[in-house]
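Below is one structure; the comments refer to it alone.
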Amino acid sequence: MQTFDSDGVSIAYIDVPPKEGAAEPILLIHGFASNHAVNWVNTSWVRSLTTAGRRVIALDNRGHGRSGKLYDPEAYGSDLMAEDARRLLDHLDIPRADVMGYSMGARITAFLALAHPGRVRSALLGGLGIHLVEGRGLPAGISEAMEAPSRDAIAEPTARMFRVFAEQTGSDLRALAACMRGSRQTLSRAEVAQIEVPVLVAVGTTDTVAGSGPALAALIPEAKALDIPNRDHNLAVGDKVHKAGVLEFLDARP
């Protein structure tokens with residue numbers, strides 16, 4: 001991996017050229033407690049996109065993977081994390097890219113598309129539907145689960161699942177607790193209606209975390225919804241229907 005300085009925070013990333021083709025860039029932004037490898041490499045997204053002729057850039061969000069760890073919740077605002085993504089494009093001299101995020105990464109992508117529409121050719125929001133606006137989804141207690149003495153002390157099933165996942169990915173639990181406390185901002189209906197770029201909202205049909213994908217897509221002028229059949233929040237990310245839908249969308253968008 002390579003690193004660059006994003007306003008004082010070390011951000012790690014990969015930059016993978018296409019197997020062949022025009023090398024149109026796509027930036028991938030992973031979800032909470034994950035990292036670029038778990039979210040995008042292990043699920044074969046990087047291979048699928050480079051095989052399709054795309055240049056793939058994927059970062060570890062602040063507090064995650066090999067990027068800098070911060071312990072103040074105020075350091076994890078979605079707008080701040082969107083600026084990390086924008087600065088990475090600056091660092092690589094990429095004026096505009098398709099941007100795909102999953103879950104928390106989709107929230108960051110939406111903030112980036114709203115703040116810097118000229119930098120985002122299209123926005124692909126995976127694992128996040130109407131809860132971008134309504135603010136529901138994950139239960140309370142995720143931060144406390146990260147700070148618990150062990151997973152056995154966590155009673156709430158979803159919170160315990162995230163703690164187990166964080167341990168599996170070798171994450172800094174204290175940094176994740178701060179991230180969860182600081183990164184759950186919403187956008188209003190009026191704000192999402194101002195997103196000007198083509199958008200694909202892809203959500204599993206059994207995902208109880210994201211909220212309705214079609215309901216969010218209906219609020220965004222140039223958005224389409226993609227249902228990923230019989231997939232929950234964890235399994236939808238690498239599903240073949242998800243990949244096929246994204247590749248079709250990228251080929252068709254202006």
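If you're wondering where the values come from, they're calculated on a predicted model, not measured in any experiment.
Within the 4.5 Å cutoff, the side chain of Thr186 has no heavy atoms near those of the Leu132 side chain. The side-chain heavy atoms of Phe32 and Ile142, taken from C-beta on, include a pair separated by under 4.5 Å. Inter-residue side-chain proximity for Leu28 and Ile57 is flagged as unmet; no heavy-atom pair is nearer than 4.5 Å. Between Met81 and Arg107 there is no side-chain heavy-atom pair separated by less than 4.5 Å. Within the 4.5 Å cutoff, the side chain of Arg55 has no heavy atoms near those of the Glu24 side chain. Side-chain contact between Phe249 and Leu226: absent, with no pair of heavy atoms (C-beta onward) separated by less than 4.5 Å. Residues Val246 and Met100 meet the side-chain proximity criterion, which asks for heavy atoms closer than 4.5 Å. Using a 4.5 Å heavy-atom cutoff, the side chains of Glu144 and Ile154 are not in contact.
Remark: Tyr102 OH to Ile29 CD1 distance equals 15.0 Å, nearest 0.5 Å. Note that CD1 of Ile130 and CG of Leu216 are 5.5 Å apart. Values are rounded to the nearest 0.5 Å. Within the model, atoms SG of Cys179 and CZ of Arg174 stand 14.0 Å from one another, a figure rounded to the nearest 0.5 Å. To the nearest 0.5 Å, atoms CD1 (Ile228) and NZ (Lys240) are separated by 13.0 Å. With rounding to the nearest 0.5 angstrom, the OG1 atom of Thr158 is 14.0 Å from the CZ atom of Phe165. One finds the CG atom of Leu247 at 6.5 Å from the OG atom of Ser48 (value rounded to the nearest 0.5 Å).
Panel note: side chain Asn61, backbone His30; a donor-acceptor pair is recorded below 3.5 Å. Asp227 places no side-chain N or O within donor-acceptor distance of the main-chain N or O of Pro229, the cut-off being under 3.5 Å. A donor-acceptor pair under 3.5 Å is formed between the side chain of Glu191 and the backbone N or O of Ser188. Within the 3.5 Å criterion, the main-chain N or O of Ala236 finds a donor-acceptor partner in the side chain of His242. For the pair Asp60 (side chain) and Asn35 (backbone), a donor-acceptor distance under 3.5 Å is absent. For the pair Lys19 (side chain) and Gly53 (backbone), a donor-acceptor distance under 3.5 Å is absent. Between the side chain of Arg119 and the backbone N or O of Ile94, at least one donor-acceptor pair lies under 3.5 Å. The backbone N or O of Ala12 lies less than 3.5 Å from a partner atom in the side chain of Ser67, making a donor-acceptor pair. For the pair Ser78 (side chain) and Ser183 (backbone), a donor-acceptor distance under 3.5 Å is present. The closest donor-acceptor contact from the side chain of Thr3 to the backbone of Ile11 lies at 3.5 Å or more, if one exists at all.
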For a ring pair (Phe, Tyr, Trp, His ring centres under 6.0 Å) check, start with the C-alpha distance between His64 and Tyr76, then their side-chain angles and the critical distance, and finish with the verdict. CA-CA 11 Å; His64 295 73; Tyr76 289 98; 7.2 Å; no

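Residues His233 and Ser103 have side chains that bring a donor and an acceptor to within less than 3.5 angstrom of each other. Counting only N and O atoms by type, the side chains of Thr206 and Asp232 include no donor and acceptor under 3.5 Å apart.
Taking Ser34 as the reference, nothing meets the side-chain hydrogen bond (donor to acceptor under 3.5 Å, both in side chains) condition, with sequence neighbours excluded.
Ion pairing of Asp90 with Arg86 is present here, as a side-chain N (NZ or NE/NH1/NH2) and a carboxylate O approach within less than 4.0 Å. Under the 4.0 Å criterion applied to side-chain N and carboxylate O atoms, Glu156 and Arg160 are not assigned as salt-bridge partners.
The minimum heavy-atom distance between Ser122 and Asp98, with the atom names listed, is OG-OD1, 2.5 Å. Between Ala159 and Gly141, the shortest heavy-atom contact is CB-O, 4.0 Å. Nearest heavy atoms, Leu187 versus Ala110: CD1-CB, 4.0 Å. Minimum interatomic distance between Val201 and Gly129 (heavy atoms only, all atoms of both residues): CG1-CA, 4.4 Å. The minimum heavy-atom distance between Lys243 and Gly238, with the atom names listed, is NZ-O, 2.7 Å. Between Ile195 and Pro221 the shortest heavy-atom distance is O-CD, 3.7 Å.
Within the structure, every pair that satisfies the salt bridge (Lys or Arg N to Asp or Glu O under 4.0 Å) test and touches residues 62-77, not counting sequence neighbours, is listed here: Arg62-Asp84. For residues 211-224, no residue pair satisfies the side chain to side chain donor-acceptor pair (under 3.5 Å) rule, not counting sequence neighbours.
Around CD of Glu147, the count of heavy atoms belonging to other residues, nucleotides or ligands within 6.0 Å exceeds 12. Residue Glu196 qualifies as open at atom CD: its count of foreign heavy atoms under 6.0 Å is 12 or below.
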